[in-house]
Structure formats: C-alpha cells, structure tokens
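Sequence lines set the chain letters: A, B, ... in the order given, protein chains first and strands last, and positions in each chain run from 1.
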2 protein chains.
Amino acid sequence: MSASLKLSTAVKAVHCLAQVYPDALSSAEISEMTGINASQLRLILSMLAKAGIIHSKQGAGGGFILNMTPDQINLQQLYCAIETQKAFHLAVNRNHDQIPVNKKINAFFLDLFEAIQRDIESKMETITLSDVIEKVKQ
Amino acid sequence: MSASLKLSTAVKAVHCLAQVYPDALSSAEISEMTGINASQLRLILSMLAKAGIIHSKQGAGGGFILNMTPDQINLQQLYCAIETQKAFHLAVNRNHDQIPVNKKINAFFLDLFEAIQRDIESKMETITLSDVIEKVKQ
DNA sequence: CCTAACTGTTGCAGTGAGTGTAACATTTAT
DNA sequence: ATAAATGTTACACTCACTGCAACAGTTAGG
C-alpha cells in the first residue's frame, strides 16, 4: 500500500474511533463504516497501537480505542507510525554509480529528496485529527 | 519511469550537454557517458526539446544542444517538461466514495497533496543546472 | 476450562504498472 | 541514395502492490 493510501486509511479509522470515544470499535465495525477491508484495517491499526496513538484490546469484547484526544493527534504522528516507505518515493538510477559524475548527481538528488521529505513531514505536523473532524462536519 | 527517476535522467543528460556546449551530443554518446539506455534518453530528450530547453537536430550529424545557459535552466522546468505523473503520487482510496465521510476525507487529502505538490515545485524552481554543475565539480 | 470473539500476522493469487530494450518510422546531411 | 541521426511504438518481463483469506494468538465470560 502506498504511503498516502495508508495515511488516508489511518485517518478514516481514527476518525471513526473519535466518533464513539471512549467506546471501542472492532475492525469489523470500522470496516462496516468505512468500506475498508477488516484485515487491512487491522494491519494499520496494530501499527497505530504500537505507536501508542490508539489502544487495542484483544479477545472477546475487544477492539480499538483512541488513546489521545483528537487535537493531540497530528498527521505526522500517524504517518510515522505507518511509514514503511517514504511518501515522496525518491528513486535515482544507481545502476551506473561507478561513473563519478552519476554518483555526485545521485547524491545531489538524494539530498534534495530528503529535504523535500522533511518539508512534507513538517507540513503534516501542523494538521490534527481535530482539523479533519472539523472539515468533515462542514 | 517514476517522476524522480526521469528527473535525474534529464539532469544527467543536460549536464553532459552543458560540458560540450555549444557542440551537440547524440543519444548514443550521452548513453556512453551516463550508462543510460539510448532509447530512454531519446524519450526524455525529445520532451525537453518540445519544451524548448534543448534543441534537437535530426539526421546525419545531428544530436542535442543546450538551448539555454545552465543558470537559466531550473529543475522545475525540467520536471514540467517530463512530467506525466505528479512526483508525490497522491492516492486515496476512492473505492467507497459513496460513503459521505469518506468523500469528505478523500477531498481533504487531495487538497493537502496538491498543496504539497506545489511546495515541491516551488522548491525545485530555486535550483538551477548551474547549481548541479557546481556540486559535481566539488 | 472451554467457547466465542476479538486482534495480530502470514501467505497467496491476480493484476497492473514499471523497466529495459528492440524495432521501425521519420528526418536530414553529404 | 545512403548513412546517421531522432522520434515513437511495442513488447516481453519482472515485480511490487492489492485485496483478501486463513489461521495463530489472546482474552472475556459463563
């Protein structure tokens, strides 16, 4: 799953959790509400649980509960929690890295792409779940 | 080819052209210098030619010549010339757009991703081919 | 302690996109 | 004419992604 897709999945899930707080929702219930496959949701939600953003309760009567208030959760946190590959998928052709000029140009781009990545992350830091909830209400 | 890969290919090619300016280089010669497949180079270079960044001369003794000075060429121009898909590949799950909340959250993300895209492009506007040449010399 | 209801994780089939390359059409200098 | 280029299309191949299912692990409740 792409980073952006995972992020939007995560936001939809925590948005559901915010609606029923402080009650729990099972992955099946969130699947019902969002149309997203329950297995997929569990994958994402287990990562959010490891990051401490939500709490997961296994066993009968279990489910997922928000562990922070919506204004304490920002997109950067969600993104970090689910990130397995960077959002701006930064690829340079390393096939011919033995050519000195290529090596330098590749290094140049890797630096640039890292800078862009940082910009994206700091932008996402300014957006909270509260902001999303507000937008959905409008 | 991903946007970032195409961009680095384009930069390597125009970097070669800058070295020999005002002489021309054929795609075969650039392929020799960079290790990048000649067909691939022609694909990228023909797009740069359409954008007016380089000049292409068909026929015997032809090739590609820089059409601007290195300080007049910035990464944003190159990126625009070769762009077929946006760099930050912005995907939200539209599968379940009939659910009103999903529709709103998806719209929210599409707006966010467009803003990020604009940020990336304005950043690339500040970097010229001269800057790259300088970095390679170091 | 046994069952049912959950989460957590792995695996897998299908498909679709990206990669690298060749081939050929088109153009032009000599 | 011919040879040397660009411009464009097509194609085989791989490989990552998607969506889903299955099952292993965990826990509440009778």
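In the set dG8(C), dG20(C), dT6(D), dG8(C) carries the atom at the smallest distance from any side-chain atom of Ser46(A). For Leu43(A), taking side-chain heavy atoms from C-beta onward, the closest of the listed nucleotides dT9(C), dT18(D), dG8(C) is dT9(C).
Crowding of Lys57(A) atom NZ: a count of heavy atoms from other residues, nucleotides or ligands under 6.0 Å not exceeding 12.
Rounded to an integer number of Å, the gap from CD1 of Ile44(B) to P of dT21(C) is 14 Å. The CG-C1' distance, from Leu41(A) to dG8(C), rounds to 14 Å in whole Å. In this structure, NZ of Lys6(A) is placed 13 Å from C1' of dT18(D), rounded to the nearest angstrom. Spacing between atom CG of Leu5(B) and atom P of dG18(C) amounts to 12 Å, rounded to whole angstrom units. Rounding to whole angstrom units, CD of residue Glu32(A) and C1' of dA5(C) are separated by 16 Å. When rounded to the nearest whole Å, the span between CD1 of Ile65(B) and P of dT6(D) equals 11 Å. We find that CD of Gln40(B) is positioned 16 Å from P of dG7(D), with the value rounded to whole Å. Rounded to an integer number of Å, the gap from CG of Leu25(B) to P of dA4(D) is 18 Å.
Applying the side chain to side chain donor-acceptor pair (under 3.5 Å) test to Gln58(A) and every residue at least two apart in sequence or in another chain returns nothing. For Lys123(A), the salt bridge (charged side-chain N to carboxylate O under 4.0 Å, His left out) test picks out Asp119(B), with sequence neighbours left out.
You'll find the side chain of Val11(A) stays beyond 4.5 Å of the side chain of Tyr79(A), heavy atoms only. Inter-residue side-chain proximity for Met68(A) and Gln77(A) is flagged as met; some heavy-atom pair is nearer than 4.5 Å.
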Each nucleotide N or O in nucleotides 26-29 of chain D that has a protein N or O under 3.5 Å away: list the pair and distance.
residue: dT26(D); atom: O4'; partner: Gln58(A); partner atom: OE1; Å: 3.2
residue: dT26(D); atom: O3'; partner: Gln58(A); partner atom: OE1; Å: 3.1
residue: dT27(D); atom: O2; partner: Ala60(A); partner atom: N; Å: 3.3

Protein-nucleotides 21-24 of chain D N/O pairs closer than 3.5 Å?
residue: dA21(D); atom: N7; partner: Ser39(A); partner atom: OG; Å: 3.3
residue: dA22(D); atom: N6; partner: Ser39(A); partner atom: OG; Å: 3.4
residue: dA22(D); atom: N6; partner: Arg42(A); partner atom: NH2; Å: 3.4

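Residue Lys50(A) places at least one side-chain N or O closer than 4.0 Å to OP1 or OP2 of dT9(C). Under 4.0 angstrom from either OP1 or OP2 of dA5(D) there lies no side-chain N or O belonging to Ser26(B).
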Would you sort out whether Glu125(B) and Ser122(B) count as a side chain to side chain donor-acceptor pair (under 3.5 Å), showing the intermediate values?
-> CA-CA 5 Å; Glu125(B) 206 165 347; Ser122(B) 66; over 6 Å; no
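Minimum heavy-atom separation, Ala10(B) to Ile82(B): CB-CD1, 4.4 Å.
For residues 129-138 of chain B, every residue pair satisfying the side-chain hydrogen bond (donor to acceptor under 3.5 Å, both in side chains) rule, not counting sequence neighbours, is listed here: Thr128(B)-Asp131(B).
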Expected list for residues 14-30 of chain B: side-chain donor-acceptor pairs under 3.5 angstrom, two or more places apart:
residue: His15(B); atom: NE2; partner: Gln19(B); partner atom: NE2; Å: 3.3
residue: Gln19(B); atom: NE2; partner: His15(B); partner atom: O; Å: 3.4
residue: Ser26(B); atom: OG; partner: Ala28(B); partner atom: N; Å: 3.4
residue: Ser26(B); atom: OG; partner: Glu29(B); partner atom: N; Å: 3.2
residue: Ser26(B); atom: OG; partner: Glu29(B); partner atom: OE1; Å: 3.4
residue: Ser27(B); atom: OG; partner: Arg42(B); partner atom: NH1; Å: 3.2
residue: Glu29(B); atom: OE1; partner: Ser26(B); partner atom: N; Å: 2.8

